[in-house]
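Counting begins at 1 with the first residue of the sequence.
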Amino acid sequence: MILLNPGPVTLTERVRSALTAADLCHREVEFADLQDTIRTRLRAVYDLDERWAAVVLSGSGTAAVEAMISSLPGADARLLIIENGVYGERMTRMAHIHGIAHQTLRFEWGEHIDSDRLAAQLTDGDFTHVAVVHHETTTGRLNDLAAIGEVCAMRNVQMLIDGVSSFGAEAIDFDRLPVAAVAATANKCLHGAPGAAFVLVRRVALSDATPCSLYLDLAGYCEKQDARSTPFTPAIPAFHALAEALAEHEDEGGWQARRANYRRLAGQVADGFSALGIQAVLDADESSCVLRAYALPVGIDYDALHDHLKSQGFVIYAGQGGLAASIFRISTMGAIDTVDIERLITAVSSIVHNRL
Ligand SMILES: *Cc1c(COP(=O)(O)O)cnc(C)c1O
């Protein structure tokens, strides 16, 4: 089965076989070495120096985002959360649940984040942090971190970034952005297995951190991991797979090579679909390299398209919420290639031609 959903992804054999590594106790030196390897390789993805820490968690991407949002703002913080899709809205729910003083800056799903509105709202409130999703997987829109970062830097506001579906394949300028942390996961652009997630955090940002949760206390994890330990039982097979996936990521040329590859495949999908009359929701230059949303072809509902493609060996992804009836999504992450996309287009072509 070829997974075209935005994570988990189709694994390479190299990563899949790491899942069956020998049984390991997390209190033994072999686990400490594995964890150190992952932490070092995670920083290496964007060439981050010692001012940054990679904190590895067991859980899905949401666990990493929630650890970041609940731990980092600190007791006196005021958080502005930018929403233009499901994942921005999810961060607002986290802030609400954890009792963090916050406001939202709301855009329509898929809408461009207007820097002037952001600047105006930051001027009105006494904000210390802005939370934003880099790639809003809801629609495939890649939010412009540089433009948002510029506004934040002028007002001395730190950024908390949900990079779950961009880390490892899109540019993230850790040096120039006023970023405190980026949260992400093993099983999207890094091509690891589900179960491990992580936060790349500026070490100075950890000094203000206040835990809002026992299990998602980011500073607590960091302290233990710096001491080559871990507070709880980790998802060890997923850690093995992440270490291997990071080695593979580097061998294949890092995030730049991954972006080039995703772009090539996404372009192939878009061109093939366009020839069948299926149009992308956003322009290519507004979309991430990772995923694009397409309008469902007239007369074909999502379930029919999904079930037909599944019978041909492909899993696609529905639109969320109000978009469920009008769009579908194709991610080009994972171990897939040009030949797979050719087969996908042939399979879509057969349903389009049968229905029209
Ligand atoms: C996938 C995703 C998440 C987290 O999803 P999980 O199911 O918890 O792994 C968060 N944010 C974005 C932008 C995502 O694409």
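- Interatomic distance, His191 NE2 to Glu252 CD, rounded to the nearest 0.5 Å: 7.5 Å.
- Residues Val45 and Ile172 fall within the same hydrophobic cluster, defined by Ile, Leu, Val, Met, Phe, Trp and Tyr side chains chained together at heavy-atom separations under 4.5 Å.
- Side chains of His308 and Ser350: a donor on one and an acceptor on the other come within 3.5 Å.
- One finds the CD1 atom of Ile148 at 9.5 Å from the CG atom of Leu105 (value rounded to the nearest 0.5 Å).
- Note that the CZ atom of Phe198 and the CG atom of Leu42 stand 5.0 Å from one another [nearest 0.5 Å].
- Val133 is not listed as a side-chain neighbour of Val65, based on a closest heavy-atom distance of 4.5 Å or more.
- Hydrophobic clustering keeps Leu177 apart from Ile81 (ILVMFWY residues linked when any side-chain heavy atoms are closer than 4.5 Å, directly or through intermediates).
- Under the 3.5 Å distance criterion, with hydrogens and angles disregarded, a donor-acceptor pair is assigned to the side chains of Glu248 and Thr12.
- In the displayed structure, Arg16 atom CZ is contacted under 6.0 Å by more than 12 heavy atoms of other residues, nucleotides or ligands.
- The line from CD1 of Ile161 to CE of Met68 is 8.0 Å long, rounded to the nearest 0.5 Å.
- Other residues, nucleotides and ligands contribute more than 12 heavy atoms inside 6.0 Å of the CG atom of Asp251.
- In the hydrophobic cluster analysis, where Ile, Leu, Val, Met, Phe, Trp and Tyr join through side-chain heavy atoms closer than 4.5 angstrom, Leu145 is grouped together with Trp52.
- A single hydrophobic cluster is not seen to contain both Ile336 and Tyr317; linkage of ILVMFWY side chains at heavy-atom distances under 4.5 Å, directly or through other members, places them apart.
- Leu309 is listed as a side-chain neighbour of Leu344, based on a closest heavy-atom distance under 4.5 Å.
- Heavy-atom contacts from other residues, nucleotides or ligands closer than 6.0 Å to CZ of Arg27 number more than 12.
- Without hydrogens or angle criteria, His353 side chain to Ser349 main chain gives a donor-acceptor distance under 3.5 Å.
- The backbone N or O of Tyr215 lies less than 3.5 Å from a partner atom in the side chain of Tyr221, making a donor-acceptor pair.
- A continuous path of Ile, Leu, Val, Met, Phe, Trp and Tyr side chains, each step under 4.5 Å between heavy atoms, connects Val179 with Phe127, placing both in one hydrophobic cluster.
- Ionic pairing of Glu50 and Arg43 is present here: one or more N-O contacts between side-chain nitrogen and carboxylate oxygen are shorter than 4.0 angstrom.
- For the side chain to side chain contact (heavy atoms under 4.5 Å, CB included) with Thr139, the qualifying choice from Leu291, Leu323, Asn84, Val86 is Leu323, the only one to do so.
- For Ala67, the side-chain contact (heavy atoms from CB on, under 4.5 Å) partners two or more places apart in sequence, or in a different chain, are Leu57, Leu216, Leu218.
- Leu282 contributes atom CG, which lies 9.5 Å from atom CZ of Arg292 (distance to the nearest 0.5 angstrom).
- By the neighbour-count criterion of 12 heavy atoms within 6.0 Å, atom CG of Asp76 is sparsely surrounded, having that number or fewer from other residues, nucleotides or ligands.
- Between the side chain of His249 and the backbone N or O of Gly168, at least one donor-acceptor pair lies under 3.5 Å.
- Judged by distance alone, the side chain of Arg258 and the main-chain N or O of Cys189 form a donor-acceptor pair under 3.5 Å.
- Using a 4.0 Å cut-off between charged side-chain N and carboxylate O, Arg39 and Asp226 make a salt bridge.
- With hydrogens and angles ignored, the 3.5 Å screen pairs no side-chain donor or acceptor of Tyr294 with any backbone N or O of Ile278.
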Trace of the salt bridge (charged side-chain N to carboxylate O under 4.0 Å, His left out) decision for Arg14 with Glu244: CA-CA 7 Å; Arg14 175 178 173 179; Glu244 197 59 43; 2.7 Å; yes
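- Within a 6.0 Å sphere centred on CG of Asp23, other residues, nucleotides and ligands contribute 12 heavy atoms or fewer.
- Taking the salt bridge (Lys or Arg N to Asp or Glu O under 4.0 Å) definition, one finds that Arg141 meets it with Glu286, sequence neighbours left out.
- Distance check: Arg117 CZ to Gln121 CD gives 7.5 Å after rounding to the nearest 0.5 Å.
- Summarising the local packing, CD of Glu150 is surrounded by 12 or fewer heavy atoms from other residues, nucleotides or ligands at distances under 6.0 Å.
- Arg329 and Thr137 share no side-chain donor-acceptor pair at under 3.5 Å.
- At a threshold of 4.0 Å, the pair Asp33-Arg228 counts as salt-bridged, since one of the basic side-chain nitrogens sits closer than that to a carboxylate oxygen.
- Judged purely by distance below 3.5 Å, without hydrogens or angles, the side chains of Asn261 and Arg264 pair a donor atom with an acceptor atom.
- Glu136 places a side-chain N or O within donor-acceptor distance of the main-chain N or O of Gly88, the cut-off being under 3.5 Å.
- Although no hydrogens or angles enter the test, the distance criterion places a donor-acceptor pair under 3.5 Å between the side chain of Ser287 and the main chain of Asp283.
- Aromatic ring orientation, Tyr46 versus Phe174: tilted (interplanar angle from 30° to 60°).
- More than 12 heavy atoms of other residues, nucleotides or ligands sit less than 6.0 Å from atom CD of Gln256.
- The side-chain heavy atoms of Ser58 and Phe239, taken from C-beta on, include a pair separated by under 4.5 Å.
- The closest donor-acceptor contact from the side chain of Thr185 to the backbone of Ala197 lies at 3.5 Å or more, if one exists at all.
- Two residues are said to be in side-chain contact when any heavy atoms from C-beta on lie closer than 4.5 Å; Ile69 and His98 fail this criterion.
- A donor atom on one side chain and an acceptor atom on the other are not found under 3.5 Å apart for Gln35 and His26.
- Note on Asp340 versus Arg343: salt bridge recorded, some NZ/NE/NH1/NH2 to OD/OE distance being below 4.0 Å.
- Formation of a donor-acceptor pair under 3.5 Å by the Ser288 side chain with backbone atoms of Leu142 is not found in this model.
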